[in-house]
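In this chain, residues are counted from 1 in sequence order. Counting starts at 1 for both ligands and their atoms, in listed order.
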Amino acid sequence: MKVIEKIREASKEEHKVLFSFEFFPPRTHDGVDKLFEQLDHMSIHSPAYWDITWRDSAAKLSLEMANVMQNLFSIETMMHLTCTKMPIEEIDHALDTIKSQGIHNVLALRGDPPLGQDKFVKTEGGFECALDLVTHIRNKYGDYFGITIAGYPEAHPDVPRKDDGLPTLEGYQNDLAYLKKKVDAGGDLIITQLFFDTDIFLKFVNDCRQIGITCPIVPGILPINDYRGFLKMTSLCKTKIPTEITAALKPIKDNDEAVRGYGIHLVTEMCKKILAHGIKTLHFYTVNKEKPTLSILMNLGLISEIKISRPLTEKREDFVRISSELKKMLRR
Ligand code: FAD
């Protein structure tokens, strides 16, 4: 089923809240085992869908993980797909593969420049930007896929900034106008970049509505796992950090447990505010860690218990076989 259909269906129920989890393909053998355990633990809480990110150097892994997530765990899966180093034949191969696995959801992205390059350069025979990819998917695959696109409450990091770090008005407006083109080309759902100023997100939603973007806009929520990771992600995405968050984090920055605890409290409050504004789907960037996301969901009353000790019992043979295949892929 398409995620957009699930969201539309849920919107008919007044108090229904949906949540989803994002994971990235593991980089190590240990990461494979941990991810399988996390998927097992988190699947118990019945996310509306979950998704697997795309790494141009690990395409096969994303395809295989998408298959596992959709068909072994039976949870609606969305696969991210980028244009980085992807000629059209490879893009179609990826889309045909997930289609044959019964996956109906793709997050269509341009992608970042490959490691070591500053600027995104179109691959020969590939696409320039997400707009081209969305157009291609709609032209070639019709309505088969639900197509999600990325939206940037603080504009894409490449958009020119003022001294305060926020995008210029012109840059922000151009970014929004481009987002509308992605929707008009066939994007039916927007997931946003992470943010820590909820007002910026709410303004973004309002600004999108003003220019005629009507599709659901799902906030991308990053639970804070540790101070270094938080700084890395927010500087990469050029995210504004409200002064009170910096002030609260600095004195505890070397105490991971305290940082996580504060992050859980902070993000819970952010989510409460978002939900109070009528936005009823939350998308969690789990960074392959289960506890902070599940704690936030518990605080929000959206799940009742953190069940983290269940061993991988169901379908154990399948898990063992597939995880050893994934590990072989990592070896190559
Ligand atoms: P685009 O939408 O094509 O463009 C990005 C920006 O460039 C636009 O916002 C706009 O400002 C400008 N732009 C581009 N083309 C035009 C145009 N024709 N006219 C005007 N302006 C234009 N990266 C990964 O490698 N793997 C992932 O799995 C992944 N998942 C992500 C998930 C989400 C929800 C988000 C928000 C980001 C994700 N990223 C991922 C990061 C993403 O690849 C980068 O942010 C990348 O730099 C831009 O991708 P995009 O699809 O937003 O690009």
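Electrostatic pairing of D92 and K140 counts as a salt bridge here, judged by a charged N lying under 4.0 Å from a carboxylate O. Between D184 and K180 a salt bridge is recorded (basic side-chain N to carboxylate O distance below 4.0 Å). With respect to D188 and K2, no salt bridge is recorded, no charged nitrogen being found less than 4.0 Å from a carboxylate O.
A distance limit of 4.0 angstrom between heavy atoms and ligand 1 selects the residues T53, W54, H80, T82, L109, R110, G111, D112, C129, A130, A150, Y152, H156, V159, D175, Y178, K182, I191, Q193, Y285.
In this structure, F24 has no ring pair (Phe, Tyr, Trp, His ring centres under 6.0 Å) partners at least two apart in sequence or on a different chain. By the ring pair (Phe, Tyr, Trp, His ring centres under 6.0 Å) test, Y144 is found to be paired with H104, residues two or more places apart in sequence or in another chain being considered. For Y285, the ring pair (Phe, Tyr, Trp, His ring centres under 6.0 Å) partners two or more places apart in sequence, or in a different chain, are H283.
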